[in-house]
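The structure appears right after this line, and notes come after that.
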Amino acid sequence: MEDAFRPSTDLDDPPNSRLFLVTSKSITEDMIREQFSLFGEIQDVWVVKDKQTKESKGVSFVKFTKSSEACTAMEEMHGKCLVEGTKPIKVFIAQARSSGSHRDVEDEELTRIFVMIPKTFTEDDLKETFKVEYGDIEYCIIVKNKTTGESKGLGYVRYHKPSQAATAIENCEKTYRAILAEPRNKTPAPDNDYFSPARAEHVQGDPGMTSYPFVDSGFHTRGDMRGTDIITRCLMVSSRASITQDQVYSLFDLIPGMDYCEMQQDSYGFSTGQAMIRYNNLGSAVYAKNKLDGFEYPPGNRLAVTHIDDGQDRRSPVGRMAMQLVAAQMMSIVCNAPTGPPPLRKTSTGYPSPAVPQSPRVQTDVALPPLQKLAPSDSRVKERLFVVFKPLPLPMDVLEDVFCRFGSLVEVFLVPGRNVGYMKYAERKSADDAMATLHGQMVNGVKMKVMRADPPKEESHKRQRTY
DNA sequence: CGACGGGACGC
DNA sequence: CGACGGGACGC
């Protein structure tokens with residue numbers, strides 16, 4: 001009832017939930033309502049009539065709550081006689097009022113869905129996942145990189161009937177983000193650049209972080225190594241983007257043996273974008289330089305790491321050679337040990353990497369509650385927090401660690417290129433607790449403003465916002 | 001005093 | 001061939 005009068009943006013919501021009927025002019029709203037209510041919750045029945053004569057024009061619209069109900073009704077009622085002696089009715093999914101088109105919506109456009117799936121899914125996995133509850137599948141395919149054959153984590157599933165596709169979209173796990181697929185020939189596909197060869201290459205190989213040139217081919221394998229480079233336990237890291245001491249600390253502390261870390265300031269107390277780090281052994285310093293020089297942190301900001309002469313490790317050229325040999329040996333041990341270097345965390349690739357710490361280091365003055373599990377990713381978001389970071393956003397894993405501790409955290413979203421983000425909660429109380437505890441606080445050297453987010457601006461939604 | 005993402009093709 | 005009404009009300 002109250003749903004009958006909504007702003008114009010809500011016409012045909014959800015999509016494909018409204019039927020277009022062609023009937024005899026004698027068919028009334030009551031007749032339609034009586035027959036069609038068997039298939040679901042009817043929101044509105046409207047028989048189009050001539051303004052003057054009030055006579056039916058033989059055209060009606062039936063709005064259902066759900067697309068699956070409308071589709072089932074269409075499938076069952078198309079071609080049926082509502083009343084003895086009247087002509088069989090035609091039933092279609094109505095064109096969205098905004099579309100302006102009066103072309104019949106074809107089954108072709110209503111039977112194929114587009115889903116996001118784990119990259120590990122095979123076509124059989126896809127078929128099994130989407131056939132069990134929603135019925136037999138005519139065809140399914142996973143989108144793959146043409147050259148490598150690697151799955152892009154996207155799939156198409158073609159059903160026999162529109163009601164199957166609609167039910168799958170409504171009832172499958174939200175993580176699949178199922179939507180109706182655009183017909184292949186109609187739209188020439190908006191943009192293919194997401195998985196360009198250059199990007200695939202970047203994802204696949206990562207020579208900078210997984211090769212160990214010291215072990216195989218001596219010291220000077222990185223083209224930028226100059227003969228004048230010195231090897232010391234002391235490093236200088238330079239960053240173009242502003243970076244905090246705690247961020248530098250966390251990064252370099254991933255390699256064991258750090259015993260000193262300090263941001264450099266100019267005479268006015270402003271950050272120079274440089275920090276000095278010292279390790280208690282040469283091997284760790286060499287390893288840290290090798291791993292972190294050129295490392296992107298935060299993403300897009302390439303760090304530069306060089307050894308600096310702190311006076312303690314200065315030696316004659318011969319002594320330096322000896323020290324490089326020592327460093328190389330240590331690197332070799334660290335990288336080739338059968339069980340791997342115990343102090344370094346391992347990623348799924350089996351290589352130690354500072355990019356994927358398993359549980360982030362969190363430094364803060366606030367007394368934080370214990371960790372809590374995240375809410376399921378398809379939970380309904382009841383409250384969002386808007387967080388402003390200074391000077392830079394904290395890494396995602398740190399944010400998850402900190403903001404999950406009040407319960408029901410669904411997702412962290414950082415706005416790209418801005419120092420703000422959203423924390424999505426399934427329970428209002430969790431969000432309010434997090435805000436009360438964390439607003440104005442400092443975490444890993446980053447100051448946070450934490451407040452309730454304004455509701456998002458609603459417009460141009462082809463698909464309902466997932467939050 | 002900062003503000004809203006992600007995903008496209010073979011019988 | 002067969003395509004778009006009715007009536008709305010709180011910060």
Side-chain angles (χ1 to χ4, degrees), chain A residues 1-8 11-12 18-25 29 44-51 54 56-61 63 87 89-105 112-117 123 138-144 146 152-158 175-195 377 381 384-391 393 411-422 424 447-463 465-467:
Chain A
M1 303 238 222
E2 68 275 11
D3 283 18
F5 312 106
R6 289 270 201 67
S8 56
L11 296 169
D12 293 285
R18 199 173 57 124
L19 294 180
F20 170 60
L21 274 58
V22 182
T23 72
S24 293
K25 296 186 199 305
E29 173 180 333
D44 190 31
V45 175
W46 167 30
V47 177
V48 179
K49 294 170 182 156
D50 183 284
K51 283 239 169 56
K54 299 284 190 70
S56 165
K57 292 164 88 169
V59 162
S60 306
F61 293 91
K63 173 72 176 72
K87 72 177 182 186
I89 64 172
K90 297 181 196 171
V91 184
F92 305 95
I93 293 291
Q95 281 285 1
R97 298 183 102 164
S98 53
S99 82
S101 167
H102 285 175
R103 175 184 59 84
D104 292 349
V105 177
R112 197 177 63 142
I113 67 172
F114 181 50
V115 295
M116 301 182 82
I117 50 179
E123 264 134 23
E138 178 181 320
Y139 179 81
C140 81
I141 187 118
I142 286 172
V143 182
K144 295 171 186 154
K146 251 192 211 101
K152 292 181 180 175
L154 302 170
Y156 293 93
V157 179
R158 169 81 71 185
T175 53
Y176 294 117
R177 300 191 183 278
I179 58 173
L180 272 185
E182 294 288 339
R184 185 157 203 280
N185 45 357
K186 295 267 161 58
T187 352
D191 192 344
N192 271 356
D193 273 351
Y194 280 102
F195 297 97
S377 62
V381 173
R384 299 186 310 154
L385 295 177
F386 177 58
V387 183
V388 183
F389 304 94
K390 254 203 272 211
E411 194 190 11
V412 174
F413 168 53
L414 288 177
V415 180
R418 323 241 68 149
N419 295 334
V420 302
Y422 297 89
K424 308 175 189 178
K447 180 101 166 186
M448 297 185 301
K449 289 188 194 175
V450 183
M451 57 223 109
R452 276 195 179 165
D454 293 336
K457 51 177 179 193
E458 287 289 346
E459 55 177 326
S460 77
H461 49 112
K462 297 185 169 120
R463 173 161 164 70
R465 227 191 131 73
T466 49
Y467 274 95

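All values below come from the heavy atoms of this structure, side chains included, with hydrogens, waters and symmetry mates left out. Please read these numbers as outputs of a predicted model, since none were measured by experiment. So that the names make sense, note that chain A is the first sequence line, chain B the second, and so on, each numbered from 1.
Of the candidate nucleotides B:dA3, B:dA8, C:dG5, B:dA8 has the atom nearest to the side chain of A:Val143. Here the side chain of A:Arg184 is nearest to one of B:dC9, C:dG2, B:dC4, namely B:dC9. When distances are taken from the side chain of A:Arg384 to each of C:dG5, B:dC4, C:dA3, the shortest belongs to B:dC4. Distance from the side chain of A:Gln95 is smallest to C:dA3 among C:dA3, B:dG6, B:dG10. Side-chain atoms of A:Arg97 lie closest to C:dG5 of the nucleotides B:dG10, C:dG5, B:dA3. Ranking B:dC9, C:dG2, B:dG7 by closeness to the A:Lys90 side chain, first place goes to C:dG2. Out of B:dG7, B:dG10, C:dA3, the shortest distance to the side chain of A:Ile141 is found at B:dG10. The side chain of A:Lys449 sits closest to B:dG2 out of B:dC4, B:dG2, B:dA8. Nearest to the side-chain atoms of A:Asp44 among the listed nucleotides C:dC4, B:dC9, C:dG6 stands C:dG6.
At the heavy-atom level, A:Met451 lies under 4.0 Å from base atoms of the strands shown. Counting non-hydrogen atoms under 4.0 angstrom, A:Val115 reaches a base of the nucleic acid. Among the heavy atoms of the strands, none lies under 4.0 Å from A:Lys49. At the heavy-atom level, A:Val22 lies under 4.0 Å from base atoms of the strands shown.
A salt bridge does not link A:Glu29 with A:Lys49: every distance from a Lys NZ or Arg NE/NH1/NH2 to an Asp or Glu carboxylate oxygen is 4.0 Å or more.
Between A:Leu414 atom CG and B:dA3 atom P the separation is 14 Å, expressed in whole Å.
The 5' end of DNA chain B is approached more closely, in terms of each residue's nearest nucleotide, by A:Val415 than by the other of A:Gly155 and A:Val415.
For B:dG2, neither phosphate oxygen OP1 nor OP2 lies less than 4.0 angstrom from any side-chain nitrogen or oxygen of A:Arg418.
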